[in-house]
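Note: hydrogens, waters and symmetry copies are ignored here, and every other heavy atom, side chains too, is used. Predicted, not measured: the structure shown is a model, and the values here were computed from it.
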Amino acid sequence: MGKTKKGKDSLGPAKQHGRRKRVVHVFTEGLVTEPSYIEIIKEYATTVEVRIANASAPGSQRKPLKLVEAAVRLMGEETRQARRSGLPKEYLPQVWCLFDRDEHEGIETALKQAREGDVNVAFSHPCFEVWRLLHHKPVTGTFGGVCGLVAARLPFARDPKDGANLKLVLPHQVTGRYPEARKRALQMNAQYGDHVALVKRDPYTDVHEFVERGLGITEY
């Protein structure tokens, strides 16, 4: 697969075979898991070009608040450029952040700043592995905020080949499984009432929103 482009390498609309495509910039908390997942599913995104905006960022810049701050700045730059170039609405760029609850501080502040800065967030509690697990089975109970408990449930966790680098998402682990993963995510999330704060929902993930609203993918 081709190398995913960084968000700031080239701003503005993308083109493929002479046809303009909307650009989606993504900031990921993880250095391996989320980017490898995006690398797989972006092949199904026919109407957008995906650019990992923080591909070379160090760990210190991958905390939720830092991600959102950088994402808001980029969204501002993209919005100004889009206005100057008179970009049609359907091609306006999007900026997304993918991050987890884990044990991070300032999650609610990060979510608030993202909303105010017109940045989209795909949030998982306790971590992105909940979304990976939903590709294989329903998720019930609580993990007490411990990501390791989620990873241990992955059916390939003890496989000598797949489990050797559990952080890396491989194509056969997710392809052909999206419809069921989305269905299970909706069922899992439905257990929480609106009065339950996002940071209190364990387990939870809305990565499917990123897949559909961000990338325009309905199946992979």
Side-chain angles (χ1 to χ4, degrees), residues 4-14 20-31 33-35 37-38 41-42 45 47-128 130-131 185 189 192 194-201 204-217:
T4 305
K5 296 182 180 180
K6 297 180 184 179
K8 283 195 171 183
D9 286 350
S10 124
L11 301 176
R20 178 174 286 175
K21 303 176 78 175
R22 178 164 54 84
V23 178
V24 177
H25 302 276
V26 189
F27 289 80
T28 67
E29 177 186 341
L31 184 62
T33 306
E34 294 94 326
Y37 168 74
I38 292 170
I41 70 167
K42 75 174 188 177
T47 61
V48 304
E49 179 181 307
V50 189
R51 301 179 184 176
I52 301 296
N54 64 330
S56 59
S60 61
Q61 298 300 309
R62 291 179 175 272
K63 306 301 182 184
L65 274 171
K66 292 291 186 180
L67 287 183
V68 169
E69 289 170 358
V72 169
R73 286 195 297 272
L74 179 56
M75 188 61 196
E77 294 171 7
E78 290 283 77
T79 299
R80 287 189 291 273
Q81 180 161 319
R83 288 173 178 169
R84 286 196 298 268
S85 62
L87 201 63
K89 183 177 180 179
E90 62 268 28
Y91 297 120
L92 291 177
Q94 289 187 8
V95 179
W96 283 79
C97 287
L98 273 62
F99 59 79
D100 305 335
R101 176 65 183 92
D102 285 331
E103 297 180 358
H104 297 305
E105 297 180 355
I107 293 290
E108 291 178 323
T109 300
L111 293 170
K112 180 175 182 291
Q113 291 181 357
R115 288 193 299 271
E116 293 173 348
D118 202 23
V119 167
N120 300 280
V121 173
F123 177 74
S124 299
H125 192 324
C127 57
F128 186 84
V130 170
W131 177 238
N189 295 345
Y192 308 106
D194 293 341
H195 65 286
V196 180
L198 205 59
V199 295
K200 300 292 185 181
R201 302 179 186 186
Y204 178 89
T205 186
D206 53 21
V207 174
H208 56 281
E209 294 287 344
F210 164 68
V211 174
E212 296 194 6
R213 291 199 295 112
L215 307 186
I217 297 172

| request: Please report the shortest heavy-atom distance between I41 and I217, naming the atom on each side. | output: O-CD1, 3.2 Å
| request: Would you please name every residue forming a salt bridge (charged side-chain N to carboxylate O under 4.0 Å, His left out) with E108, sequence neighbours left out? | output: none
| message | For P35 versus T28, what's the shortest heavy-atom pair and its separation? | response | CG-OG1, 3.6 Å
| Got a sec, which residues hit side chain to side chain contact (heavy atoms under 4.5 Å, CB included) with R83, two or more places apart in sequence or on another chain? | T79
| request: Please tell me if the side chains of I52 and N54 come closer than 4.5 Å, counting only heavy atoms from C-beta onward. | output: yes
| For the atom pair CD (E49) and NE2 (H25), what is the distance rounded to the nearest 0.5 Å? | 8.5 Å
| message | To the closest 0.5 Å, what do you measure between CD (Q61) and CG (L67)? | response | 9.0 Å
| remark: Heavy-atom closest pair (R20 atom, P88 atom, distance to 0.1 Å) is NH1-CD, 3.9 Å
| said: Using the side-chain hydrogen bond (donor to acceptor under 3.5 Å, both in side chains) criterion, which residues pair with Q94? Sequence neighbours excluded. | reply: W96
| request: Taking all heavy atoms of A185 and all of H208, pick out the closest pair and write down the distance. | output: CB-ND1, 3.9 Å
| query | Looking only at heavy atoms, which two atoms of P93 and M75 are closest? And how far apart? | reply | O-CE, 3.8 Å
| message | Can you tell me how far apart OH (Y37) and CZ (F210) are? Round to the nearest 0.5 Å. | response | 7.5 Å
| said: The test is side chain to side chain contact (heavy atoms under 4.5 Å, CB included); show your working for F27 and V95 and say whether it passes. | reply: CA-CA 8 Å; F27 289 80; V95 179; 3.8 Å; yes
| message | Given 3.5 Å as the limit, does a donor-acceptor pair link the side chain of R201 with the main chain of N189, or not? | response | no
| Has the side chain of R101 got a donor or acceptor atom that lies under 3.5 Å from a matching backbone atom of H104? | yes
| query | Do you know which two heavy atoms are closest between L31 and A57, and how far apart they sit? | reply | CD1-O, 4.5 Å
| request: Can you measure from CZ (R213) to CG (D206) and round to the nearest 0.5 angstrom? | output: 8.5 Å
| Looking at CG of L215 and CZ of R22, how far apart are the two atoms once the value is rounded to the nearest 0.5 Å? | 8.0 Å
| said: Going by side-chain hydrogen bond (donor to acceptor under 3.5 Å, both in side chains), name the residues that satisfy it together with D102, two or more places apart in sequence or in a different chain. | reply: none
| said: Test of understanding: with disulfide bond (SG atoms under 2.5 Å apart), list the residues that count as partners of C97, not counting sequence neighbours. | reply: none
| field | Beyond-backbone contact of K63 with F99, side-chain heavy atoms, under 4.5 angstrom | value | no
| Distance-only, no hydrogens or angles: does the H125 side chain make a donor-acceptor pair with backbone N or O of L198 under 3.5 Å? | no
N/O donor to acceptor pairs below 3.5 angstrom from side-chain atoms of residues 110-124, sequence neighbours left out:
{"residue": "K112", "atom": "NZ", "partner": "E116", "partner atom": "OE2", "Å": "2.6"}
{"residue": "S124", "atom": "OG", "partner": "T205", "partner atom": "OG1", "Å": "2.8"}

| query | Who pairs with E105 by salt bridge (charged side-chain N to carboxylate O under 4.0 Å, His left out), at least two apart in sequence or on another chain? | reply | none
| field | Partner of I38 by side-chain contact (heavy atoms from CB on, under 4.5 Å), out of V24, T33, V26 | value | V26
